[in-house]
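Worksheet: one structure, shown below.
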Amino acid sequence: MHAYRTHTCGELRKRDVGSHVRLSGWVNRRRDHGGLLFIDLRDHYGITQCVIEPDAAAFAEADKARSEWVLTLTGKVMARSDDTINSDMPTGEVELRIKEAVVQSVAQELPIPVFGDLDYPEDTRLKYRFLDLRRERLHENVALRSKVISSIRRRMIEQGFTEFQTPILTASSPEGARDFLVPSRLHPGKFYALPQAPQQFKQLIMVAGFDRYFQIAPCFRDEDARADRSPGEFYQLDLEMSFVTQDDVFAAVEPVLHGVFEEFAEGRSVSPAPFPRIAYDEAMLKYGVDKPDLRNPIVIADVTDVFARADVAFKAFKEKTVRAIPAPGAAAQPRSWFDKMDGWARSDMGAPGLGYIVFEEEAVNTPDSIPAAIANAMETHGVAKKSELKHLRFLRGKGPIAKFLTEEAIQELARLANVKAGDALFFSADAKKNRAALLAGAARTRLGRELGLIPEGQFKFCWIVDFPMYEWNEDEKKIEFSHNPFSMPQYDREKFLALDAKDRDAILGMKAYQYDIVCNGIELSSGAIRNHDPDVMLKAFEIAGYAREETERKFAGMLNAFRYGAPPHGGTAPGIDRIVMLIAGVENLREVTMFPMNQQAQDLMMNAPSEASLKQLRELHIRVVLPETK
RNA sequence: GGGGGCGUAGCUCAGUUGGUUAGAGUGACGGCCUGUCACGCCGUAGGUCGCGGGUUCGAGCCCCGUCGCUCCCGCCA
């Protein structure tokens with residue numbers, strides 16, 4: 001018999017009754033009945049109930065066992081009587097009658113229990129990650145992550161992609177984030193950088209003629225953490241393709257993502273391919289964000305023109321971009337609810353406030369008693385002809401802002417924002433178009449949640465396309481790349497090369513072949529058709545304020561390669577951690593990462609980062625200068 | 001760098017208007033119990049109330065400072 005096991009703890013069934021077996025695992029639970037001792041033995045595969053009576057030879061040894069001790073138990077598989085079958089356990093029809101018990105390892109009193117499903121403080125969980133990982137939920141999430149990755153890999157290979165590894169110790173790559181630096185021993189004063197993404201390498205792989213590359217790639221960025229953003233390191237499904245248009249990239253990625261999500265959906269619905277494509281400008285208008293959650297039915301409307309009308313006297317919204325956010329069914333909410341929304345806009349969003357109109361249905365006895373203004377408006381906007389008005393009900397707008405508006409304006413708002421009786425309409429106004437859009441977007445998200453409008457059990461994907469190539473940095477008064485500097489501008493080559501600083505409007509209005517993929521409001525990746533033309537690339541950087549010599553020096557490897565025959569190419573890089581988070585249905589990526597760091601970018605279990613010895617520092621030609629403390 | 005929340009037993013938490021010896025559940029330890037599967041019952045141990053200072057006759061509770069964790073903004077695909 002094998003020293004440790006003949007079966008796993010999840011394996012035994014009724015068919016095994018009568019056989020002599022050996023199991024090894026952890027004590028999940030111990031139940032001492034005096035005359036009878038139950039030990040639930042757990043391993044990666046499952047749990048098996050083991051039982052022993054006090055007169056058995058092995059009792060003394062088995063009786064010592066406590067939670068999370070590691071035991072090897074040998075004995076006979078017995079069928080449970082009908083009244084003792086546990087139908088909640090796959091192994092619940094049988095149990096092991098212990099004949100031999102060996103303690104392989106003991107456990108101290110546990111800082112966090114493995115058994116049970118309670119929440120524990122993050123730092124304790126991280127310090128004792130190995131215990132937390134034994135717990136069912138985390139154990140399954142981490143196993144799920146592995147299955148998802150292997151599904152992705154299989155699907156990519158099936159589509160003709162080849163996996164290559166790229167260097168970890170490399171040069172700084174300007175993705176926009178802060179680099180992790182590694183000092184060089186052989187080259188005093190010089191540093192490697194950990195890759196923020198294998199961006200330049202994958203483009204070089206295309207220049208090298210490999211056509212379709214992918215990698216489950218580690219990426220390193222020294223930026224502050226969020227619940228959905230690891231500090232330091234994360235993984236991307238990095239991919240790149242040659243001789244492709246944007247649509248070709250979409251057509252390659254969609255079946256992979258759709259397939260993976262379908263495979264693990266467990267009843268949840270997944271957007272069918274092709275996923276909707278939404279232009280960046282449209283997304284900013286309708287959803288107030290470049291990563292819209294399409295499960296949220298609320299669609300924002302631009303109502304700037306209504307408030308600009310001569311007959312509308314609401315000064316606070318004049319000369320501003322005004323966006324209207326419908327709140328379906330919110331008319332029934334108490335005044336305090338609206339005040340809370342307003343308070344949220346003021347405190348959390350730094351907005352002057354969040355005005356609103358509540359739409360109610362007003363009934364009248366005869367068509368004649370519909371106010372003339374409303375009847376006129378209905379006719380003007382084609383709702384109903386005055387002469388044909390049979391409705392005895394019409395929309396009446398109420399609320400703090402309504403009194404500044406004419407009936408025509410209110411009816412126009414209702415039409416533009418597509419609201420009905422019982423709805424409310426919130427307004428976001430700002431002299432800056434972008435800020436009005438962002439507040440509207442935040443309000444849309446909040447209203448969707450508050451009003452319970454976001455359905456569970458759906459994965460709604462979309463592509464956001466046509467991102468602007470450049471944007472204006474108001475603080476530094478300069479033009480900069482709005483996203484990825486390696487994207488190909490959507491602009492005629494010759495005209496692009498001829499651009500001049502005075503063509504600011506043309507530059508800021510220019511789109512790029514740059515796209516994001518979004519699922520349920522979470523940005524999974526961004527990608528682009530790359531700029532493979534050295535002249536266009538130098539010009540693109542020049543527009544963003546980089547001297548040609550600087551660009552030549554910083555991107556020497558790539559620029560040089562592009563001068564020896566570069567295929568048109570493009571790709572993208574969906575985040576693995578976020579994909580698994582979505583599929584696992586968790587809000588924090590520590591729930592799907594085996595050994596995550598805390599928010600301060602520390603590994604509490606391994607004690608990283610830690611101080612280096614003087615010898616190490618000397619070899620690396622490094623001196624530590626600590627910040628001054630007050 | 002900024003803002004919100006939290007910090008009481010190994011763990012999860014309660015703790016009234018500032019008032020006697022800071023409680024419960026769970027875990028640990030001991031005892032009882034032959035069918036449990038969150039077993040049950042009895043008992044024991046376990047506390048620098050994050051830390052420092054202040055107000056007060058008296059502080060877990062109020063005030064100031066500080067540290068830690070977490071969530072968010074900045075930053076970052």
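By convention in this document, chain letters (A, B, ...) are assigned in the order of the sequence lines, proteins followed by strands, and residues within each chain are numbered from 1.
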**Complete:** For A/R125 and A/I112 the tightest heavy-atom approach is CA-CD1, 4.3 Å

**Asked** Does A/Q49 put a side-chain nitrogen or oxygen below 4.0 Å from OP1 or OP2 of B/rU36?
**Response** no

**Item:** Sugar-phosphate, base or nothing in reach of A/R30, heavy atoms under 4.0 Å
**Value:** nothing

**Asked** What is the nucleic acid contact for A/F38, judged by heavy atoms within less than 4.0 Å: base, sugar-phosphate only, or nothing?
**Response** base

**Nucleotide B/rG27, atom C1' - distance to CG of A/D117 in whole Å** = 17 Å

**Prompt:** Under 4.0 Å between a side-chain N or O of A/Q600 and OP1 or OP2 of B/rU70?
**Reply:** yes

**Item:** Atom of A/T572, atom of A/Y515 and distance for their closest heavy-atom approach
**Value:** CB-CE1, 4.1 Å

**Request:** With C1' as the reference atom in both, quote the distance from B/rC76 to B/rG15 in angstrom, rounded to an integer.
**Result:** 43 Å

**Request:** Identify which nucleotide among B/rU70, B/rA77, B/rC37 has an atom closest to any side-chain atom of A/H483, counting heavy atoms from C-beta outward.
**Result:** B/rA77

**Prompt:** Rounded to the nearest Å, what distance is computed from the CZ atom of residue A/R29 to the C1' atom of nucleotide B/rC39?
**Reply:** 9 Å

**Prompt:** B/rC39 base stacked by A/H33? Criteria: ring centres under 5.5 Å, plane angle under 30°.
**Reply:** yes

**Prompt:** Going by an N to O cut-off under 4.0 Å, is there a salt bridge joining A/E53 and A/R97?
**Reply:** yes

**Asked** Under 4.0 angstrom, heavy atoms only, what part of the nucleic acid is A/D290 near: base, sugar-phosphate, or nothing?
**Response** nothing

**Request:** Hey, which sits more toward the 5' end of RNA chain B by its nearest nucleotide, A/I85 or A/E109?
**Result:** A/E109

**Complete:** Closest to the side chain of A/L126, out of B/rU70, B/rC11, B/rC76, is B/rU70

**Asked** With both distances under 3.5 angstrom, what nucleotide forms a Watson-Crick or G-U wobble pair with B/rC6?
**Response** B/rG68

**Request:** In whole angstrom, give me the gap between the P atoms of B/rA59 and B/rC6.
**Result:** 23 Å

**Request:** Output the single nucleotide from B/rA38, B/rC76, B/rG1 whose closest atom is nearest the side chain of A/D224.
**Result:** B/rG1

**Asked** Per the atom types in the model, does the base of B/rC76 pair as donor or acceptor with the side chain of A/D222 at under 3.5 Å?
**Response** no

**Message:** Nearest to the side chain of A/A227, heavy atoms from C-beta on, is which of B/rC72, B/rC76, B/rU70?
**Reply:** B/rC72

**Request:** Would you kindly give the CG-to-P distance between A/D123 and B/rG7, to the nearest whole Å?
**Result:** 13 Å

**Asked** Do A/R31 side-chain and B/rG40 base share a donor-acceptor contact under 3.5 Å?
**Response** no

**Request:** Provide, to the nearest angstrom, the distance between the CG atom belonging to A/D228 and the P atom belonging to B/rC75.
**Result:** 16 Å

**Message:** Let's test this: given Watson-Crick or G-U wobble pairing with both distances under 3.5 Å, identify the partner of B/rG40.
**Reply:** B/rC32

**Complete:** If pairing means Watson-Crick or G-U wobble with both distances under 3.5 Å, then the partner of B/rG47 is none

**Item:** Pairwise P distance, B/rC63 and B/rC11 [rounded to whole Å]
**Value:** 27 Å

**Request:** Could you check whether A/R66 gets within reach of a base, just the sugar-phosphate, or nothing at all, counting any heavy atom under 4.0 Å?
**Result:** sugar-phosphate

**Message:** If you go through the side-chain atoms of A/E53, does one of them form a donor-acceptor pair with the base of B/rG35 closer than 3.5 Å?
**Reply:** no

**Request:** Can you tell me, in whole Å, how much space there is between the P of B/rG54 and that of B/rG10?
**Result:** 28 Å

**Span that lies between the P atom of B/rU66 and that of B/rG3, in whole angstrom** = 11 Å

**Item:** Presence of donor-acceptor pair under 3.5 Å, side chain of A/D83 and base of B/rG35
**Value:** no

**Asked** Which value, in whole Å, describes the distance between the C1' atoms of nucleotides B/rG46 and B/rU8?
**Response** 14 Å

**Prompt:** Would one find a side-chain N or O of A/N588 under 4.0 angstrom from OP1 or OP2 of B/rC71?
**Reply:** yes

**Message:** Let's see if you can work this out: which of B/rA28, B/rU36, B/rG10 has an atom nearest to the side-chain heavy atoms of A/P111?
**Reply:** B/rG10

**Request:** Evaluate the criterion side chain to side chain donor-acceptor pair (under 3.5 Å) for residue pair A/Y213 and A/D238; output intermediate values, then yes/no.
**Result:** CA-CA 8 Å; A/Y213 141 91; A/D238 195 46; 2.8 Å; yes

**Fill in**
Between CZ of A/R97 and P of B/rG35 the distance, given in whole Å, is 13 Å

**Request:** Say whether A/N531 and A/Y513, considering side chains only, have a donor N or O and an acceptor N or O under 3.5 Å apart.
**Result:** no

**Item:** Contact nearer the 5' end of RNA chain B, comparing A/F234 with A/T124
**Value:** A/T124

**Message:** Base, sugar-phosphate or nothing for A/Q514? Non-hydrogen atoms, less than 4.0 Å.
**Reply:** base

**Message:** What contact category does A/E587 fall into here, base, sugar-phosphate, or nothing, at under 4.0 angstrom with non-hydrogen atoms?
**Reply:** nothing

**Message:** Checking side-chain polar atoms at under 3.5 Å, does A/W337 have a donor or acceptor matched by the opposite partner on A/E450?
**Reply:** yes

**Asked** Are any of A/R226's side-chain N or O atoms less than 4.0 Å away from OP1 or OP2 of B/rC75?
**Response** no

**Item:** Atom C1', compared across B/rU36 and B/rC49: separation rounded to whole Å
**Value:** 39 Å

**Prompt:** If we ignore angles and hydrogens, is there a donor and acceptor under 3.5 Å between the side chains of A/Q490 and A/D466?
**Reply:** yes

**Prompt:** Once you round it to whole Å, what is the distance between P of B/rA77 and CZ of A/R229?
**Reply:** 8 Å

**Prompt:** Roughly, in whole Å, what's the span from CG in A/L237 to C1' in B/rA77?
**Reply:** 15 Å

**Message:** Using the rule salt bridge (charged side-chain N to carboxylate O under 4.0 Å, His left out), only one of A/K511, A/K433, A/K286 pairs with A/D281; which is it?
**Reply:** A/K511

**Request:** Please work out if A/E523 contacts a base, only the sugar-phosphate, or nothing of the nucleic acid, heavy-atom cut-off 4.0 Å.
**Result:** base

**Message:** Taking 4.0 Å as the cut-off, does a side-chain nitrogen or oxygen of A/Q108 come that near to OP1 or OP2 on B/rG27?
**Reply:** no

**Item:** Whole angstrom value for the distance that separates C1' of B/rC33 from CG of A/D63
**Value:** 13 Å

**Request:** Among B/rC71, B/rC37, B/rC69, find the nucleotide with the atom closest to the side chain of A/Q599.
**Result:** B/rC71

**Item:** Whole-angstrom distance between B/rG60 and B/rU20, as gauged at atom C1'
**Value:** 16 Å

**Prompt:** Regarding A/T166 and A/Q215, is there a side-chain donor-to-acceptor distance under 3.5 Å anywhere?
**Reply:** yes

